[in-house]
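Chain naming here is simple, since letters A, B, ... match the order of the sequence lines and numbering starts at 1 in each. Values in this document were obtained by computation on a predicted structure and should not be read as measured data.
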Amino acid sequence: MEIELAGKTHQVSEGATGFDLFEDRSVIALLVNGEQKDLAYALQQGDSVEGISIDSDAGLSILRHSTAHLLAQAVQELFDEAKLGIGPPIQDGFYYDFDVPEPFNPEDLKRLEKRMKELVGKSQKFVRVEVSDDEAKKRLAHEPYKLELIGLKSADVGEGSVEVGAGGLSIYENVNPDGSVAWFDLCRGPHVPNSRMIGKGFALTRVAAAYWRGNENNKQLQRIYGTAWPTVEAKEAYLERLQEAQRRDHRKLGAELDLFSFPDEIGSGLAVFHPKGGVIRRVMEDYSRQRHEEAGYEFVYSPHITKSNLFETSGHLQWYSEGMFPALKLDAELDADGKVKKQGQDYYLKPMNCPFHILIFKSRSRSYRELPLRMFEFGSVYRYEKSGVLHGLTRVRGMTQDDAHLFVTPEQLESELTSVLNFVLDLLRDYGLDDFYLELSTKEEGNPKFVGDDAIWTSATATLEKVAKASGLELVPDPGGAAFYGPKISVQARDAIGRTWQMSTIQLDFNLPDRFDLEYVASDGERHRPIMIHRALFGSIERFFGVLTEHYAGHFPPWLAPVQVVGIPVADDFAEYLEDLMAELKASGVRGFVDRSDSRMQKKIRDHTLDRVPFLLLAGERDAGAKTVSFRYRSGEQVNDVGLEEAKKIILDAISERRQV
RNA sequence: GCCGACUUGGCGCAAUUGGUAGCGCACCGCUCUUGUAAAGCGGGGGUUACGGGUUCGAGUCCCGUAGUCGGCUCCA
């Protein structure tokens, strides 16, 4: 019988399987005619076959999925009341959901992990069994969630389900070497051939609740998360990456470096910035202001609260009221009977700045000659985020957006979008992020929530796509991800350890100009409706602050560092020498001081290094005599005998060029 | 908002089966002061998140509230 193996014709005997094709033990599954199959798959005449290696993306997913099965087996062995939910592979690992009477605790995870290791040693085969719907229902009669999935099939479960597919159903049995079936699960597969392949490169990482089928109206199941890798070393490396992320956590660094805090007395999700965080934030903002001014933005200011009618007109109160703080009820007066004597007013904290900027636009009639009109504001907004979603500076209830609204004519749209996108990317690079991709969020066809007529959507989406492509960056489509009022481009940035963060969004709006009846007079003397572009560059200052903190692991580049230079005299006699130098640096705007505390020099080096000060300048007798200093950097690197003029130049240049050191 | 875990001086942590809070760093004072990541000695500081309860006795057990953390859902 003839098949095609990795593109080449290959002869195999009748009844041959994947096991006969690959001696390489790292091949754990097959890709047959584009479909993933078990190694045990019986080859058919004419099949086009490739091996799936355990360290490929597909192979890792299979490994993780098989590990999830092993977990489920262990859970049902140790907790006989546990009912199975779903258990797919995910980024770096897997999870499995269970309905159990008592939530799992960390001790349970240890027991389960131990049991899984035993099961690995038992050399269980993963064996695929094709079943009819009826057979599946019979065998899974005690698994209510699986029965529900069988009823739904994949059409409603969605793509990517690992339990049921479009075709027939299959069950995977974990078979002991003696042929007895230890456990089984409804599953599409494929799986690794044998539990031995799972090895020791896995760990259970955490337990959490998750709604059945992701719907908060459904019951919450207990979800166990794990990670799985081909080798113990790869697992260790992964856990090390997690630890590195923990070390960089802006919430931790924020406290350690005295940057900001969230006092309980103020309330959840409401931050205060301490002096050192304040320096960073002010420098970030100042530079942003400068660049916006150069790019033709005009600066506006608006209050934090407004009467309700503004958000009625904008639609916020109809659409997003649950995300807004409740109204402040003012001025109402009641008589003795409780009847309204004087009608009150509701005021709201603003969740967005756009309606205010729109009112500025509307404050007088506008000519096409004024467009594009670019209004910029560091606008503080308040959103009543659910308590469970708050997260350090990246998800807060009070934040400041570097918000801009651009009012343009349809003809200006493309060139304005192009320059906005370039402006955004250029500015992000100055803050030290330089690895981007773009996401284009578009309308979902047929969904009535999207406002505005199709023709505008189509042309605007095409324009956004054209602009995005012209940037040369990778463009990821996000169908259905648009806001109801218009499509958007979002800029995703990868940080120093490869995590991606959604940064800027550039959003078109066909809705608010309508609702507020915005107009400008064109050259033909007629009134036309402008298009609005919403654009936040940092997203919010707070969030960007958090991202930068993690990106730099607190090692802010000198231009942003709260303290840029600390002078450390080798002995107190040389403090004055450093004070003279420091005075000159300060005169040039450098932030620094000479540490004259009575700690020993080594201690000072340690303290200020831990404090992430970019330049430590040391001087003793040798330096004072030769008019030099010694540089010590955060990395531990030292450069000795640097002349004073040269030293000043090194520091001032690094700051003005916004270079990292 | 939901589920779970957690909450002890500014920070990081200790405190047998319930027996009446301790350490390091930081802080304050004194002594010492020469070359690249922690000098020595002494001192002050906690109603154990808050409110109830059980008990002769609660940091330890129970209930409630708040906050934090991990997820889920959400993120205009």
Report each atom pair, protein N/O against N/O of nucleotides 61-63 of chain B, whose distance is under 3.5 angstrom.
none

Restricting to nitrogen or oxygen on both sides, can you table the protein-nucleotides 3-10 of chain B pairs closer than 3.5 Å?
residue	atom	partner	partner atom	Å
C3(B)	O4'	Q220(A)	OE1	2.3
C3(B)	O2'	Q222(A)	NE2	3.3

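Closest non-hydrogen pair, F378(A) versus I541(A), comes out as CE2-CD1, 3.2 Å.
Among the heavy atoms of the strands lying under 4.0 Å from P351(A) is at least one base atom, whether or not backbone atoms are also near. Counting any heavy atom pair closer than 4.0 Å across all strands shown, G214(A) reaches sugar-phosphate atoms only and no base atom. Residue H391(A) is classed as a sugar-phosphate contact, given heavy-atom separations below 4.0 Å to backbone atoms only. Using a 4.0 Å heavy-atom cutoff across all strands shown, L616(A) reaches no nucleic acid atom at all.
The ring-ring contact (aromatic ring centres under 6.0 Å, His included) search around Y225(A) returns Y95(A), not counting sequence neighbours. Residues that satisfy the side-chain hydrogen bond (donor to acceptor under 3.5 Å, both in side chains) test with K252(A), not counting sequence neighbours, are E256(A). Listed by chain and number, the residues in a salt bridge (charged side-chain N to carboxylate O under 4.0 Å, His left out) with R395(A) are E385(A) (sequence neighbours excluded). Evaluation of the salt bridge (charged side-chain N to carboxylate O under 4.0 Å, His left out) rule for R383(A) yields no partner, not counting sequence neighbours.
Using a distance-only test at 3.5 Å, with no hydrogens or angles considered, no donor-acceptor pair links the side chain of E542(A) to the main chain of M399(A).
Of the side-chain N and O atoms in S387(A), one or more sit less than 4.0 angstrom from OP1 or OP2 of G1(B). Regarding contacts with the backbone of G70(B), a side-chain N or O of R251(A) is found under 4.0 angstrom from either OP1 or OP2. Contact annotation: R206(A) side-chain N/O to G70(B) OP1/OP2 distance is not under 4.0 Å.
A heavy atom lying under 4.0 Å from RNA chain B marks none of the residues of residues 541-549 of chain A.
Pairs of residues two or more places apart, or lying in two chains, that qualify as side-chain hydrogen bond (donor to acceptor under 3.5 Å, both in side chains) and include a residue from residues 258-268 of chain A are D258(A)-H274(A), S261(A)-H274(A).
Rounded to whole Å, atom P of A76(B) lies 8 Å from atom CE of M352(A). Summarising the geometry, the separation between CZ on R213(A) and C1' on U73(B) is reported as 15 Å, rounded to the nearest angstrom.
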> Base, backbone or nothing for each nucleotide of nucleotides 40-52 of chain B, written B, S, -, heavy atoms under 4.0 angstrom, 5' to 3'?
Replying inline: -------------
> Tell me, for nucleotides 27-36 of chain B in 5' to 3' order, what letter each nucleotide earns: B for a base near a protein heavy atom under 4.0 Å, S for only sugar-phosphate near one, - for neither?
Replying inline: ----BBSBBB
Name the atoms and distances for all side-chain donor-acceptor pairs under 3.5 Å in residues 562-575 of chain A, with sequence neighbours left out.
residue	atom	partner	partner atom	Å
Q564(A)	OE1	R591(A)	N	2.7
Q564(A)	NE2	P558(A)	O	2.8

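Counting only Watson-Crick and G-U wobble pairs whose two key distances fall under 3.5 Å, RNA chain B forms stems of three or more stacked pairs at B:1-7 with B:66-72, B:10-13 with B:22-25, B:27-31 with B:39-43, B:49-53 with B:61-65.
Separation of the C1' atoms belonging to G53(B) and A38(B) is 47 Å when rounded to the nearest angstrom.
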